[in-house]
Protein chains: 2
Amino acid sequence: MATEMPSAATKNPQGRRETTRAAIVAAAEELLRERGYDGMTMREVAQRAGVSLGNAYYYFSSKEDLVHGFYERLQRDHARAAEEACLGLTTLHERVRAVLHAWLDEAAPLHDFLGSYVSLAAAPHSPLSPFSPQSTPAREAALAMWTQVVDGASARTSTRLRAELPRLLWLSHLAIVMFWVSDTTPGQQRTRDLVDKSTPIIGRLVRLTSLPGMARAADDLATLVQSIAP
Amino acid sequence: MATEMPSAATKNPQGRRETTRAAIVAAAEELLRERGYDGMTMREVAQRAGVSLGNAYYYFSSKEDLVHGFYERLQRDHARAAEEACLGLTTLHERVRAVLHAWLDEAAPLHDFLGSYVSLAAAPHSPLSPFSPQSTPAREAALAMWTQVVDGASARTSTRLRAELPRLLWLSHLAIVMFWVSDTTPGQQRTRDLVDKSTPIIGRLVRLTSLPGMARAADDLATLVQSIAP
DNA sequence: GTCTATAGTGGGATAGAC
DNA sequence: GTCTATCCCACTATAGAC
């Protein structure tokens, strides 16, 4: 009962808000593809959306804010794709590999945009930073996804380390993204190779932690990863 | 015989170039401290240096270019300080720890500035990126420094891995810098703790690679690190 | 080759009227 | 919610002084 029924979008205030917003987002998405983040101007976004510049800023406090949604959507799409990609895979290294390749598939069309995005997100106090308080929901969703990846794997390892593995994999993914945005090989093949080479090593190292002599090192590593949690 | 003798700086063209350049750099350094990178405007730098805006752009092609020198100086100062900090230390983990703390000491006054700087440098095609062709001399100087750190240590490890250890440490340092710029604890104490906790683990893992069962994993890791070299 | 003065472009962001 | 007008800044352009 809270809101009046939103039927004719243009006539009714509740629907109009959504409509305008959606028009701005749609225009931004087009221009982002056509010109990239730096080439896309807020003036042009507003013009193509059929609103004034000031109105665009009424809905989005900054250009950063406007494109933030595209990154969030990528994360959601990836979480879905990752679940599917893991089906039937039981070893940790196969599952991690599949999830990372799924990300590369989803992210490929956004390669240029994400290059600009990481630069924005790398700023220490940026709300776009994966470590920022504003990113807490997205970060926890990502950690939840990596937890599922680990939980579905058969690897034996120290319980301390196993509890921190999702965070370690999340951090590794961030590092891979940094590598990927600078990867100019066709289809970002170099990053695919990196994933294919590094995931077996991760798997082997995790397996090694179940050896008696390694338990101490594994626990220390777990403590370390835990201590850098945002 | 190529140039006329440079004697009185203000009167003679050879010296004037240096003098003007230095004035601009000095003004930039002051303003950077007072207002930070974003708050510092090129107009104000020129004004404080007593030159025209156009003249500032005559010497520095962009605002980025102007502040690039500060980062380079930090690197040079660190290389010197690192050498001193390593004197008398023989274990790998002590040496790495000392070098990282030396960096934290040198970088502390630039903490806010470097926050803006990493954002600029994180852009994929930025010449400021540590992976860019323009950064090749700086990158090789850094790798040479880490090579000295490794060479002065008594650690036994697989030769393959030992050859890649400098690059691995350089990459680790980059990761620590990323952590440090976002570290708002007084004196960036959290980063110091991270260094103190992580360096013994690095030392222990390296020692473990001399075990027979680990040689394969060590070689694979070496191959991986080698393959991501810029 | 070094430098000034001035005018201008274009883009992110904001103020305040309606 | 929406607009118009405006600000500020990085950066460019130019024409000429020394």
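Proteins get letters first, then strands, A, B, ... in listed order; numbering begins at 1 in each.
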Provide a list of protein-nucleic acid N or O atom pairs under 3.5 angstrom, restricted to nucleotides 13-18 of chain D.
none

Handout entry: Results of salt bridge (charged side-chain N to carboxylate O under 4.0 Å, His left out) for A/Glu44 - residues two or more places apart only
Key = A/Arg35
Handout entry: Over 12 foreign heavy atoms within 6.0 Å of CD, B/Glu94
Key = yes
Exercise for the section: Just jot down the ring pair (Phe, Tyr, Trp, His ring centres under 6.0 Å) partners of A/Tyr117, sequence neighbours excluded, or say none. Expected result: A/Tyr71, A/Phe113
Practice task
Could you list the residues that satisfy ring pair (Phe, Tyr, Trp, His ring centres under 6.0 Å) with B/Phe70, not counting sequence neighbours?
Solution key: none
Problem - D/dT2 phosphate, OP1 or OP2, under 4.0 Å from A/Tyr58 side-chain N/O - result: no
Problem - Distance, rounded to the nearest Å, where B/Asn55 contributes CG and D/dC11 contributes P - result: 16 Å
Exercise for the section: Please determine if B/Arg48 and B/Glu29 form a salt bridge, counting it only when a charged side-chain N lies under 4.0 Å from a carboxylate O. Expected result: no
Exercise for the section: Indicate yes or no: does A/Asp77 engage A/Arg80 in a salt bridge with an N to O separation below 4.0 Å. Expected result: yes
Problem - Heavy-atom side-chain contact between A/Met40 and A/Val67 under 4.5 Å - result: yes
Pick out the pairs of N or O atoms, protein on one side and nucleotides 9-13 of chain C on the other, that lie under 3.5 Å.
| from | atom 1 | to | atom 2 | distance (Å) |
| --- | --- | --- | --- | --- |
| C/dG12 | OP1 | A/Met40 | O | 3.4 |
| C/dG12 | OP1 | A/Lys63 | NZ | 2.8 |
| C/dG12 | OP2 | A/Met42 | N | 2.9 |
| C/dG12 | N7 | A/Arg43 | NH1 | 2.7 |
| C/dG12 | O6 | A/Arg43 | NH2 | 2.8 |
| C/dA13 | OP2 | A/Tyr57 | OH | 3.3 |
| C/dA13 | OP2 | A/Lys63 | N | 3.0 |

Handout entry: Nucleic acid contacts of residues 110-119 of chain B, taken as heavy-atom distances under 4.0 Å to DNA chain C
Key = none
